[in-house]
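Atoms considered below: every heavy atom in the structure, side chains included; atoms not considered: hydrogens, waters and symmetry mates. All residue numbers in this chain count up from 1 along the given sequence.
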Amino acid sequence: MTSPLLATIDQPADLRRLDRKQLKALADELRAYILDSVSHTGGHLSSNLGTVELTIALHTVFNTPEDRLVWDVGHQTYPHKILTGRRERMATLRQYHGLSGFPKRCESEYDTFGVGHSSTSISAALGMALAAKLKGEERRTVAIIGDGAMSAGQAFEALNNAGVSDANLLVILNDNEMSISPPVGALNKYLVRLLSGRTYNAARRGAEKVLGVAPPLLELARRAEEHMKGMINPGTLFEEFGFTYFGPIDGHDLDALIPTLENLKSLTGPIFLHVVTKKGQGYKLAEADPVLYHGVSKFDTENGIQGGKSGGKPTYTAIFGDWLCDMAAADDKLMGITPAMREGSGLVKFAEQFPKRYFDVGIAEQHAVTFAAGLACEGLKPVVAIYSTFLQRAYDQLVHDVALQNLDVTFAIDRGGLVGADGATHHGAFDLSFLACIPNMVVMAPADEAECRALLSTAYRYPGPAAVRYPRGSGLGVAPGASLDPLPLGKGEIRREGNDVALLAFGSMVAPALKAAEALDATVANMRFIKPLDADLVEQLARSHGTLVVIEENAAIGGAGSEVARVLEERGLTPRLIRLGLPDRFVDHGDQVQLLAEVGLDAAGIIAAVRGN
């Protein structure tokens with residue numbers, strides 16, 4: 001239920017009518033509303049609880065949407081959504097046809113840039129700021145980026161470019177990992193406000209003008225200023241990029257945030273504000289374990305998340321994690337690499353058991369792949385654990401640094417296919433297409449947990465670049481066993497014998513294909529390999545069946561279906577060919593079952609396609 005003060009806020013302009021005491025009360029109500037809302041829908045919790053005051057301050061000081069707020073990743077934008085007219089729709093968050101969990105331009109004029117991947121905010125905000133200057137518009141542009149996102153190269157590329165521009169750009173670093181001790185006390189608050197104020201900056205410009213006629217004196221003054229500022233803040237790095245640095249400042253203190261932002265709003269050029277916040281702020285359970293409460297399913301707020309480990313079927317992520325530990329125990333050359341996705345990619349146990357062979361490189365997918373290539377050059381056996389959607393960011397490195405040199409790197413690609421509530425930014429819709437066209441690559445997709453383990457071993461034993469892509473969530477309940485034996489390279493199998501229709505299913509599509517086959521009396525082939533495709537099996541099925549149906553949870557354009565069509569053409573075979581895959585559009589968010597039905601990749605959709613319905 002919406003609290004009394006929050007119920008009066010339908011747009012940011014309503015915030016600007018409140019006094020400071022009311023804004024503090026609003027922050028408490030907003031935090032409680034987020035906690036209650038996310039407990040019913042699931043979503044990102046810790047990061048959003050940590051940005052309540054910062055969001056209120058930004059929308060209070062800046063004239064949004066005329067002034068542009070550009071959020072990074074979007075994990076922290078629930079307060080922003082609530083304060084920009086979407087409060088009553090929060091019950092639909094991340095649900096089919098409901099609110100997106102990330103900023104989305106078509107959803108609101110306040111969502112200035114669509115995101116889902118990290119480290120894009122400074123680049124986009126710089127473009128917007130320079131566009132405003134070129135168009136003669138007096139609006140302000142603010143990028144809000146987290147300390148984790150600052151580990152990616154693109155953020156520093158943007159800083160490097162912005163620092164030599166004349167753009168009126170404010171970059172706010174939301175530091176929520178406590179990597180730098182949080183500022184406390186009145187002295188720090190006073191100094192930050194002083195350094196951001198007009199008096200200090202006017203004096204600074206005046207001193208530069210006076211001392212400019214005597215360069216040695218000007219340089220001495222600059223060194224003295226940097227020495228003094230260096231004693232109270234760690235901004236030297238950002239000053240070197242050409243930004244004027246302020247902070248660190250307490251990101252939960254509206255009495256510090258609002259005056260500082262008001263001062264910074266009047267300054268010109270590239271400005272950097274360092275804000276320290278706490279993930280999970282205001283909810284003790286999330287404060288104590290922000291990782292557990294980062295992305296949550298529905299839960300009871302009083303008791304918190306219960307039963308951290310499910311007694312149900314293991315996820316494909318867990319299957320990979322167990323395999324990685326087992327293979328590492330058998331081969332001391334195995335190295336595990338993740339771009340800041342230890343928990344999500346299943347490397348927690350590996351990190352604990354093999355700490356010297358575990359490498360979390362930060363949110364730096366490009367570096368992760370080339371780093372793996374370097375390890376492979378020296379005879380080690382790197383395994384890169386990465387989500388399908390994030391591997392896209394390292395495509396050049398995959399091509400040039402790994403495949404071109406035919407290096408022995410294994411890619412464990414999680415979240416292949418439709419991932420559900422995270423939506424279009426996180427669906428693994430394109431990996432089969434962009435991997436299969438690369439020379440030297442081997443590309444595999446398992447039908448179940450046991451096959452996932454076996455294909456991971458196959459990829460690892462292959463002396464070149466190889467990828468295994470598997471879906472999000474639990475498998476079918478097929479026990480994987482303990483074997484590390486590989487499967488024959490490039491060989492599929494017949495799972496069901498039928499009559500005139502043959503369903504050629506790849507990976508996650510084997511299960512719905514088997515269901516559809518009962519109604520169609522169809523043959524089902526578990527193809528396993530996208531590359532090298534089992535061309536002999538394709539020919540065998542084409543000669544014994546009038547209709548071939550290729551089914552893949554990947555973009556239909558350029559995917560496994562294209563490989564099957566190529567084999568048929570090369571061998572002069574002309575059966576009726578139906579290619580089922582993801583449509584040529586970005587699929588929105590929702591429950592995985594709903595989304596698969598929407599795009600015709602469930603059993604009913606397969607039956608309808610074969611029957612021409």
Exercise for the section: Could you walk me through whether Y460 and L455 pass the side chain to side chain contact (heavy atoms under 4.5 Å, CB included) test, one step at a time? Expected result: CA-CA 8 Å; Y460 187 78; L455 288 180; over 6 Å; no
Problem - side chain to side chain contact (heavy atoms under 4.5 Å, CB included) between F320 and D322, worked out - result: CA-CA 5 Å; F320 163 72; D322 290 341; over 6 Å; no
Practice task
Under the side chain to side chain contact (heavy atoms under 4.5 Å, CB included) rule, what do E343 and V348 come out as? Steps first, then yes or no, please.
Solution key: CA-CA 6 Å; E343 287 79 15; V348 173; 3.9 Å; yes
Handout entry: CA sep, side-chain torsions, deciding dist, call: V38, K298, side chain to side chain contact (heavy atoms under 4.5 Å, CB included)
Key = CA-CA 7 Å; V38 175; K298 298 177 183 180; over 6 Å; no
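Side-chain contact check for H589 and S100: no donor-acceptor pair (N or O, by modelled atom type) lies under 3.5 Å. Of the N and O atoms on the side chains of D588 and Y96, not one donor lies less than 3.5 Å from an acceptor on the other residue. Side chain to side chain, E287 and Y293 fail the donor-acceptor criterion of an N or O pair below 3.5 Å. When only modelled atom types and interatomic distance are considered, T92 and H97 share no side-chain donor-acceptor pair under 3.5 Å.
Of all heavy-atom pairs spanning V593 and D591, the tightest one is N-OD2, 2.9 Å. Taking all atoms of both residues into account, the shortest heavy-atom contact from A516 to L503 is CB-CD1, 4.4 Å. A513 and V524 get closest at one heavy-atom pair: O-CG2, 3.8 Å. Here the closest heavy-atom approach between residue A373 and residue V402 is recorded as CB-CG2, 4.0 Å.
With a 4.5 Å cut-off on side-chain heavy atoms, V73 and I145 do not count as touching. For the pair V550/F506, a side-chain contact is recorded, criterion being any heavy-atom separation below 4.5 Å from C-beta on. I606 is listed as a side-chain neighbour of P512, based on a closest heavy-atom distance under 4.5 Å. You'll find the side chain of L582 reaches within 4.5 Å of the side chain of L601, heavy atoms only. The side-chain heavy atoms of L537 and I494, taken from C-beta on, include a pair separated by under 4.5 Å. Within the 4.5 Å cutoff, the side chain of P575 has no heavy atoms near those of the T547 side chain. In this structure, the side chains of T523 and L541 come closer than 4.5 Å at one or more pairs of heavy atoms. Counting heavy atoms from C-beta outward, F411 and L435 have side chains that stay 4.5 Å or more apart.
Environment of CD in E569: sparse, with no more than 12 heavy atoms of neighbouring residues, nucleotides or ligands closer than 6.0 Å. For D584, the CG atom sits in a loose shell: 12 or fewer heavy atoms of surrounding residues, nucleotides or ligands are nearer than 6.0 Å.
Here the side chain of R357 pairs a donor or acceptor atom with the backbone of L334 at under 3.5 angstrom. Judged by distance alone, the side chain of D72 and the main-chain N or O of T120 form a donor-acceptor pair under 3.5 Å. A donor-acceptor pair under 3.5 Å links the side-chain atoms of T51 to the main chain of Q76, judged by distance alone. Distance alone, capped at 3.5 Å, is enough to place a donor-acceptor pair between the N48 side chain and the H44 backbone. A donor-acceptor pair is defined here as one N or O able to donate and one able to accept, closer than 3.5 Å; no such pair exists between the side chain of R393 and the backbone of A364. In terms of modelled atom types and a separation under 3.5 Å, the side chain of R469 and the main chain of L432 share no donor-acceptor contact. S151 contributes a side-chain N or O that, together with a main-chain N or O of G148, makes up a donor-acceptor pair within less than 3.5 Å. Counting only distance, with no hydrogens or angles, the side chain of S474 and the backbone of K313 share a donor-acceptor pair below 3.5 Å. Formation of a donor-acceptor pair under 3.5 Å by the T315 side chain with backbone atoms of G473 is not found in this model. Judged purely by atom type and a 3.5 angstrom limit, E449 uses its side chain to pair as donor or acceptor with the backbone of V478.
Residue pairs satisfying the ring pair (Phe, Tyr, Trp, His ring centres under 6.0 Å) criterion with at least one member in residues 333-355, sequence neighbours excluded, are listed as follows: F350-F354. Listed by first and then second residue, the salt bridge (Lys or Arg N to Asp or Glu O under 4.0 Å) pairs that reach into residues 492-503 are D448-R495, E451-R495, E493-R495, E493-R528, R496-E518, R496-D521, sequence neighbours excluded. Residue pairs that meet the side-chain hydrogen bond (donor to acceptor under 3.5 Å, both in side chains) test with at least one member in residues 504-515, sequence neighbours left out, are S508-E553.
Using a cutoff of 4.0 Å between basic side-chain nitrogens and carboxylate oxygens, R566 and E563 are scored as salt-bridged. Using a 4.0 Å cut-off between a side-chain N of Lys or Arg and a carboxylate O of Asp or Glu, D289 and K284 do not qualify as a salt bridge.
Applying the side-chain hydrogen bond (donor to acceptor under 3.5 Å, both in side chains) test to D602 and every residue at least two apart in sequence or in another chain returns nothing. Listed by chain and number, the residues in a salt bridge (charged side-chain N to carboxylate O under 4.0 Å, His left out) with D360 amount to none (sequence neighbours excluded). In terms of the side-chain contact (heavy atoms from CB on, under 4.5 Å) criterion, residue partners of R86 (sequence neighbours excluded) are, by chain and number, H80, K81, T84, L99, E107, S108, Y110, D111. Partners of R89 under the salt bridge (charged side-chain N to carboxylate O under 4.0 Å, His left out) rule, at least two apart in sequence or in another chain, do not exist in this structure. The salt bridge (charged side-chain N to carboxylate O under 4.0 Å, His left out) search around R571 returns D536, E539, not counting sequence neighbours. The side-chain hydrogen bond (donor to acceptor under 3.5 Å, both in side chains) search around S433 returns N554, not counting sequence neighbours. Listed by chain and number, the residues in a salt bridge (charged side-chain N to carboxylate O under 4.0 Å, His left out) with D408 are K381 (sequence neighbours excluded). Partners of S457 according to the side-chain contact (heavy atoms from CB on, under 4.5 Å) rule, which considers only residues two or more places apart in sequence or in another chain, are W323, M327, L484.
Annotation: H426 is in aromatic contact with F390 [ring centroid separation under 6.0 Å].
Between F102 and H75, the ring planes lie tilted relative to each other; the angle falls in the 30° to 60° range.
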Sequence neighbours excluded and cut-off under 3.5 Å, please list the side-chain donor-acceptor pairs for residues 412-421, or say none.
from: D414; atom 1: OD2; to: T317; atom 2: OG1; distance (Å): 2.6
from: R415; atom 1: NH1; to: T317; atom 2: OG1; distance (Å): 3.1
from: R415; atom 1: NH1; to: G344; atom 2: O; distance (Å): 3.0
from: R415; atom 1: NH2; to: Y387; atom 2: OH; distance (Å): 3.1

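Tested against E365 for a side-chain contact (heavy atoms from CB on, under 4.5 Å), the candidates L398, I386, L391 yield a single pass: I386. Across L504, V510, L514, a single residue satisfies side-chain contact (heavy atoms from CB on, under 4.5 Å) together with N526, and that is V510.
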